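Accompanying notes for the structure given below.
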There are 2 protein chains.
Amino acid sequence: MTADQRKRSIAAKPPAVQRPRKTRDAALAQATILGVARAHFVSQGFAGARVDEIAAESGYSKAMIYHYYGNKENLYVAVLEEVYKHFVAPRRVLNLAEVGPVRALEAFVREGAASVRKDPAILNLLAIENLNEAAYLRGSTVPRAIYPPLLTQLKEILDAGVQQGVFRAGIDPVQLYVALSSVIFHAVSNRFTLSVTLGTDTASSAFLDRHVDMSVAMVIGYCTTSPRTGPVRTVRK
Amino acid sequence: MTADQRKRSIAAKPPAVQRPRKTRDAALAQATILGVARAHFVSQGFAGARVDEIAAESGYSKAMIYHYYGNKENLYVAVLEEVYKHFVAPRRVLNLAEVGPVRALEAFVREGAASVRKDPAILNLLAIENLNEAAYLRGSTVPRAIYPPLLTQLKEILDAGVQQGVFRAGIDPVQLYVALSSVIFHAVSNRFTLSVTLGTDTASSAFLDRHVDMSVAMVIGYCTTSPRTGPVRTVRK
DNA sequence: TATCTAATCGACTGACTAGTCGGTTATGAA
DNA sequence: TTCATAACCGACTAGTCAGTCGATTAGATA
């Protein structure tokens with residue numbers, strides 16, 4: 001039994017929806033198919049996912065999938081867009097003026113980390129996209145619309161921090177976002193290989209809790225340190 | 001034309017090795033097949049790679065692949081092990097006593113970053129493994145043997161730093177390694193999606209240079225800061 | 001030189017896979 | 001009630017895929 005078969009057999013459960021279906025409901029059909037497709041693409045990748053399996057598990061015929069989504073690629077893109085939207089949606093707007101730039105930045109990091117820990121699906125799709133050189137993502141407008149507000153929010157936090165004299169000047173929001181997302185995402189998206197190679201359960205919530213704390217300290221520490229006096233300096237006075 | 005076909009057509013070049021082959025050479029055959037397989041698994045993933053294509057491009061028949069590697073999974077594991085070895089091999093041993101803990105830690109980060117920027121293949125395989133919950137990696141002893149020395153090296157740097165009063169005490173090497181690898185790997189492995197979503201070419205060497213500098217500052221800053229002092233304290237709940 | 005091992009391959013197979021097609025029937029509107 | 005629309009599906013196809021098999025032959029060895 002190959003690893004692939006091992007994994008696939010998990011999905012070999014009876015159909016989630018029993019036929020004969022009572023009523024016709026196009027919206028329900030589309031949503032059900034999309035949900036099942038999401039699970040399959042996330043765990044099997046684009047090439048690894050099987051349209052037949054998605055159909056069987058959803059309780060609808062394969063013809064329905066092609067009726068609503070046209071082809072496998074469109075179905076995948078629909079999943080990609082749905083997951084992207086879902087990823088950013090729960091992020092609440094911080095009251096920057098109230099909590100101040102340092103706490104706002106900390107919240108930014110902690111919320112992102114909590115979001116991917118609760119549902120790592122976005123990380124799998126991101127990995128798939130990068131393996132594929134973002135071929136499908138490029139064709140979608142949804143993810144592109146999601147990020148500018150996030151960058152704007154980050155820029156406002158940075159500006160406020162500089163103005164109040166708590167952050168160093170000259171930090172590029174894009175550059176900071178990349179660093180942030182690194183510490184937020186990587187430990188979760190690579191939890192399996194890290195656990196195997198490091199011999200520690202890096203997926204445990206205790207480990208990830210500590211990782212988030214360390215990440216926050218690194219990011220806040222960087223932003224609050226003057227670049228000239230440098231990090232090499234032993235202790236801040 | 002689907003994105004898959006678009007990508008696959010790149011590999012549709014004439015065979016790298018011309019037949020009739022002059023001599024028989026088992027070692028050459030295995031190495032050639034492994035090299036071509038590496039390229040295919042890295043860019044297409046396990047499910048996406050095609051044994052027929054690997055055979056055609058290598059200039060050997062498919063029967064040779066099965067003769068030497070048994071099946072697709074074994075071939076993939078062989079690639080995985082080869083890439084892992086190649087990833088750690090070029091890392092030179094630092095003279096900790098000579099350069100001191102701060103520079104040693106900086107070098108640790110910079111060398112890791114340089115290594116994956118030069119050849120991101122390891123990152124693709126890591127992504128594939130994590131999508132697969134490290135199913136294949138678990139069956140291999142090679143990657144497991146590679147990491148302990150790396151952690152030992154990191155621990156020595158940390159200990160020296162604490163002893164010399166430049167690093168804070170109590171940093172877990174495993175925890176630090178996860179943070180390090182985050183900032184080292186993520187920007188490179190996610191360069192495609194980051195570029196698309198952020199609207200900036202995050203794969204450019206200028207951007208990555210700045211990212212590495214920021215990463216070094218964050219890591220060194222964290223290790224050289226006392227956890228009790230500094231502005232970080234104010235944000236703790 | 002005779003012999004044996006293993007390097008090598010063309011052609012095959014059975015299972016799988018994305019996508020299609022022709023038809024049936026529930027449902028809402030007229 | 002009639003009827004048009006679309007929700008829905010079983011069965012099919014053409015091509016693809018991992019893996020096999022029987023045979024041929026280069027080259028090492030005795």
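The analysis underlying the following values was restricted to heavy atoms, covering all of them including side chains, and did not include hydrogens, waters or symmetry mates. Everything numeric in this text was worked out from a predicted model, so none of it was measured. Sequence lines set the chain letters: A, B, ... in the order given, protein chains first and strands last, and positions in each chain run from 1.
Distances were taken from every side-chain heavy atom of A/Ala63 (C-beta onward) to each of D/dA18, C/dT20, D/dA7; the shortest belongs to C/dT20. Listed candidates were C/dC21, C/dA7, D/dT20. Nearest to the side chain of B/Tyr68 is C/dA7. Among the nucleotides D/dA7, C/dC9, D/dG19, the one closest to the side chain of B/Lys62 is D/dG19.
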Only distances under 3.5 Å count here; give the side-chain donor-acceptor pairs of residues 204-212 of chain A to other protein atoms, sequence neighbours excluded, each with its distance to 0.1 Å.
residue	atom	partner	partner atom	Å
A/Ser204	OG	A/Asp201	O	3.2
A/Ser204	OG	A/Phe207	N	3.1
A/Asp209	OD1	A/Arg117	NH1	3.0
A/Asp209	OD1	A/Arg117	NH2	3.1
A/Arg210	NH1	B/Gln175	OE1	2.9
A/His211	NE2	A/Val183	O	2.8
A/His211	NE2	A/Ser215	OG	3.4

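Distance, B/Leu28 CG to D/dA26 C1': 15 Å, rounded to whole Å. The nearest whole Å value for the distance from the CD atom in A/Glu73 to the C1' atom in C/dT17 is 16 Å. What separates CE of A/Met64 from P of C/dA26 is a distance of 15 Å, to the nearest Å. For A/Lys72 and C/dT20, the NZ to C1' distance is 17 Å, given to the nearest whole Å. What separates CD of B/Glu53 from P of D/dG19 is a distance of 15 Å, to the nearest Å. Residue A/Tyr60 contributes atom OH, which lies 17 Å from atom P of D/dA6 at whole-angstrom precision. For the pair A/Ile33 CD1 and D/dA7 C1', the computed distance is 11 Å after rounding to whole Å. The distance between atom CD of B/Gln44 and atom P of D/dT16, rounded to the nearest whole Å, is 15 Å.
As judged by a 4.0 angstrom heavy-atom cut-off over every strand, B/Asp52 is placed among the base-contacting residues. Residue A/His67 is in sugar-phosphate contact alone, with no base atom involved, counting any heavy-atom pair closer than 4.0 Å across all strands shown. At the heavy-atom level, B/Tyr69 lies nowhere under 4.0 Å from the strands shown.
Looking at B/Arg138, its side chain never comes within 3.5 Å of a backbone N or O of B/Ala135 through a donor-acceptor pair. Counting only distance, with no hydrogens or angles, the side chain of A/Lys72 and the backbone of A/Ala49 share a donor-acceptor pair below 3.5 Å.
A residue-by-residue look at A/Tyr66 and B/Ala26 shows that B/Ala26 has its nearest nucleotide of DNA chain C further toward the 5' end.
Counting heavy atoms from C-beta outward, B/Leu180 and B/Leu154 have side chains that approach closer than 4.5 Å.
Judged purely by distance below 3.5 Å, without hydrogens or angles, the side chains of A/Thr193 and B/Glu129 never pair a donor atom with an acceptor atom.
Looking at B/Arg24, its side chain comes within 3.5 Å of the base of D/dT25 through a donor and an acceptor atom.
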